[in-house]
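Right, one structure below, let's go through it.
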Amino acid sequence: MRLWIKDPIAILAEGADRGVVVEDGVIVELVGAGKEPMLPVDTTFDASRHVITPGLVNTHHHFFQTLTRAHPDAINKELFPWLQSLYPIWAKNVKPDNFRLGTRLALTELMMSGCTAASDHHYLFPDGLEEAMDIQAEEAARVGVRMTITRGSMNLSQKDGGLPPDTVVQDEDTILADCERVLSKYHDTSKGSKLQVALAPCAPFTVTKRLMQESVGLAEKYDCRLHTHLGETIDEDKYCLEKFNCRPVDYLEECGWLNERVWLAHGIHFNDDEVKRLGHACVGVCHCPTSNMVLASGQCRTKELEAAGSPVGLGVDGSASNDNSNLIEGVRHALMINRLTYDAASVTHFDAFRWATEGSARCLGRKDIGAIRVGMMADMAFYTLDELRFSGAGDPLAALVLCGAHTADRVMINGEWKVADGIPTDIDIAELRYEHGEASKRFLESL
């Protein structure tokens, strides 16, 4: 079926003033001003109420953390004390059933904000949660969002000088064996893939050097991406200097991670030389503005990293350090905090959109999503300007960011409507809210 998405208010694409034509889940034509589709269409969708962007792409999150939003033990703290407060609570309470609900809620919330592809960095594996990746694969299919599941890991616990409790880490051989299992079962590199896998040791202070190095070998064997936290806080710099006698980027290079398969979460505390080295190696960086502000971690050097050659993407980060999973809100936060870092003329709404779309897609190694162009997958977000917050807005695309769009009216993934009139087509959000709310109560009972 050929569908003409016709006459939007505005669209974030060149030469598509009158919309786009979609066929078999792919964008097959951009319809320019004053033109009609070149070939007959089977149906049209009147987009005259909508501002259309490429589907947003989220490149860093921790879905299970939706169960501990605004937790009283963790609020008003920086990263290391925040983690030390929450690790014991997560270790005791994260179980397969509530992990499934946390995943479903995070994916649904992301999708409702206009997100069509997401990566989750899951590194917590207490006893009983060995099939976490299988649960996430099932939930991604259920919700309908494209997903990169990352087989995260931790194998340095408190007894080894790390931060996490002994009960949430695994040994190296167990981790590596499951990485191979998950890659063999789920990693699909074909065009339009709905599910891919990346390997994601949590951070330098939670994994061994061997695990970092062995992950590189597996990534080369299975042609997958690599992901980890790096450069998030000054505490991390101090830890690496004390434990490894070098800075985090130096340690990354020692482990074989300075290559184009890698994208990093946060990437705040890099000096000029490190920015150049990361850019030269085409290492991607996921900017997490909301989480960085909540934890007072610092400000990512987005413009310098891009100029050096690093893809820069966007992530909401964990729902216990962001307290929501709203990526279009993250676009606005990215614009605002980067204007504090640079200035109003140097950072535009187009920069923020680029980070959330094309930049994020590059971080995930995807060439088939992140833009509205012929041959790309038909993943798009449709926003209206009907709310009071948009009244008086002159530039429709800028208004989504400056006036604070919060929810997509419609979301298309692979040419299929997954959100219509602001509501997911396949998820009962009232039921989900109740079940997730009930599951999260046990996390408060741990106080």
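Position 1 is the first residue of the sequence, and the numbers go up from there.
- Counting all heavy atoms, side chain and backbone alike, Ala118 lies closest to Leu107 at CB-CD2, 4.4 Å.
- For the residue pair Thr384/Asp409, the side-chain donor-acceptor check at 3.5 Å is not satisfied.
- The minimum heavy-atom distance between Leu195 and Ala137, with the atom names listed, is CD2-CB, 3.7 Å.
- Within the structure, salt bridge (Lys or Arg N to Asp or Glu O under 4.0 Å) contacts touching residues 277-295 (residues at least two apart or in different chains) are Asp250-Arg277, Glu253-Arg277, Asp273-Arg277.
- Looking at heavy atoms from C-beta onward, Ile27 lies out of side-chain contact with Met377 at the 4.5 angstrom threshold.
- When each of Asp272, Asn338, Asn271 is paired with Arg301, the side chain to side chain donor-acceptor pair (under 3.5 Å) condition holds for Asp272 and for no other.
- Proximity of Phe125 to Val169: side-chain heavy atoms (C-beta onward) are nowhere separated by under 4.5 Å.
- Put simply, the side chain of Tyr383 never gets that close to the backbone of Leu397: no donor and acceptor are under 3.5 Å apart.
- Using a 4.5 Å heavy-atom cutoff, the side chains of Val294 and Asn292 are not in contact.
- Taking 4.5 Å as the limit, some side-chain heavy atom of Leu110 sits within range of a side-chain heavy atom of Ser325.
- Judged by distance alone, the side chains of His229 and His60 do bring a donor and an acceptor atom under 3.5 Å apart.
- The closest side-chain donor-acceptor pair between Ser297 and Thr233, if any, does not fall under 3.5 angstrom.
- Listed for the Glu130 side chain is a donor-acceptor partner under 3.5 Å among the backbone atoms of Gly128.
- Checked by atom type, the side-chain pair Trp90/Thr68 shows a donor-acceptor distance below 3.5 Å.
- Within the structure, side-chain hydrogen bond (donor to acceptor under 3.5 Å, both in side chains) contacts touching residues 19-35 (residues at least two apart or in different chains) are Arg2-Glu23.
- Counted within 6.0 Å of CD on Glu131, heavy atoms from surrounding residues, nucleotides or ligands total 12 or fewer; the atom is thus considered open.
- Under 4.0 Å is where a charged nitrogen must lie from a carboxylate oxygen, and between Glu274 and Lys276 no such pair does.
- Between the side chain of Ser321 and the main chain of Gly318, a donor-acceptor pair closer than 3.5 Å is present.
- Remark: Asp368 does not engage Arg373 in a salt bridge, criterion side-chain N to carboxylate O under 4.0 Å.
- Proximity of a side-chain donor or acceptor of Thr357 to a complementary backbone N or O of Phe353 within less than 3.5 Å is detected.
- A distance of 9.5 Å separates SG in Cys202 from NE2 in His227, rounded to the nearest 0.5 Å.
- Judged by distance alone, the side chains of Ser346 and Asp343 do bring a donor and an acceptor atom under 3.5 Å apart.
- Expressed to the nearest 0.5 Å, how far CD1 of Ile11 lies from OG1 of Thr53 amounts to 9.0 Å.
- Checking Glu329 against Asn324 by side-chain atom types alone, a donor-acceptor pair falls below 3.5 Å.
- Rounded to the nearest 0.5 Å, atoms OG (Ser440) and CG (Asn98) are 9.0 Å apart.
- Side chains of Asn322 and His61: no donor on one and acceptor on the other come within 3.5 Å.
- Remark: the backbone N or O of Lys303 is paired with a side-chain donor or acceptor of Tyr342 at under 3.5 angstrom.
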Apply side-chain contact (heavy atoms from CB on, under 4.5 Å) to Leu124 and Met154, showing your working. CA-CA 7 Å; Leu124 195 80; Met154 297 190 294; 4.1 Å; yes

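- Ser193 places no side-chain N or O within 3.5 Å of a backbone atom of Ser190 that could act as its donor or acceptor partner.
- Taking the six-membered ring for Trp and the full ring otherwise, Trp257 and Tyr251 have centroids separated by 6.0 Å or more.
- The residues Asp379 and Arg146 are annotated as salt-bridged, a charged nitrogen and a carboxylate oxygen being separated by less than 4.0 angstrom.
- You'll find the side chain of Ile135 reaches within 4.5 Å of the side chain of Pro96, heavy atoms only.
- Side-chain contact between Met412 and Leu3 is present, with heavy atoms from C-beta onward closer than 4.5 Å.
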Would you please test Val57 and Ile369 for side-chain contact (heavy atoms from CB on, under 4.5 Å) and show each step? CA-CA 9 Å; Val57 181; Ile369 61 174; 4.2 Å; yes

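- Remark: Arg410 qualifies as a cation-pi partner of Trp417 under the 6.0 Å distance and 45° angle criteria applied to the six-membered ring.
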Let me see the working for Tyr123 and Phe64 under side-chain contact (heavy atoms from CB on, under 4.5 Å), right down to the final yes or no. CA-CA 10 Å; Tyr123 53 78; Phe64 74 90; 4.0 Å; yes

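- For Asp97, the CG atom sits in a loose shell: 12 or fewer heavy atoms of surrounding residues, nucleotides or ligands are nearer than 6.0 Å.
- Atoms CE and CD1, from Met111 and Ile413 in turn, are 6.0 Å apart once rounded to the nearest 0.5 Å.
- No side-chain donor from either of His62 and Asp120 sits under 3.5 Å from a side-chain acceptor of the other.
- Between Trp4 and Arg18, the closest side-chain pair of non-hydrogen atoms falls below 4.5 Å.
- The pair Glu109-Arg69 meets the salt-bridge criterion, with a side-chain N (NZ, NE, NH1 or NH2) lying under 4.0 Å from an Asp/Glu carboxylate O.
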Test side-chain contact (heavy atoms from CB on, under 4.5 Å) applied to Arg362 and Val312, step by step: CA-CA 8 Å; Arg362 286 185 64 198; Val312 173; over 6 Å; no

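- Atom-to-atom distance recorded for Thr302:OG1 and Arg354:CZ is 9.0 Å, nearest 0.5 angstrom.
- Using a 4.0 Å cut-off between a side-chain N of Lys or Arg and a carboxylate O of Asp or Glu, Arg49 and Asp386 qualify as a salt bridge.
- The shortest distance between side-chain heavy atoms of Lys194 and Val145 does not fall below 4.5 Å.
- Donor-acceptor pairing under 3.5 Å is lacking for the side chains of Thr148 and Gln196.
- Side chain of Ser360 to main chain of Trp355: a donor-acceptor pair is present (N/O by atom type, distance under 3.5 Å, no hydrogens or angles).
- Of the inter-residue distances, the one linking Leu278 atom CG with Leu252 atom CG reads 7.5 Å to the nearest 0.5 angstrom.
- A salt bridge links Asp178 with Arg181: the closest approach of a Lys/Arg side-chain nitrogen to an acidic carboxylate oxygen falls below 4.0 angstrom.
- Applying the side-chain contact (heavy atoms from CB on, under 4.5 Å) test between Arg151 and each of Leu199, Leu218, Leu176 identifies Leu199 as the sole match.
- A donor-acceptor pair under 3.5 Å is absent between the side-chain atoms of Ser48 and the main chain of Asp7, judged by distance alone.
- Arg104 places no side-chain N or O within donor-acceptor distance of the main-chain N or O of His436, the cut-off being under 3.5 Å.
- Of the N and O atoms on the side chains of Asp223 and His187, not one donor lies less than 3.5 Å from an acceptor on the other residue.
- When all heavy atoms of Leu400 and Phe390 are compared, the pair lying nearest together is CA-CE2, 4.2 Å.
- By the neighbour-count criterion of 12 heavy atoms within 6.0 Å, atom CD of Glu14 is sparsely surrounded, having that number or fewer from other residues, nucleotides or ligands.
- Between the side chains of His121 and Thr150, no donor-acceptor pair is found at a separation under 3.5 Å.
- Counted by atom type alone, Ser153 and Gln170 present zero donor-acceptor pairs between their side chains at under 3.5 Å.
- A donor-acceptor pair under 3.5 Å is absent between the side-chain atoms of Ser391 and the main chain of Leu388, judged by distance alone.
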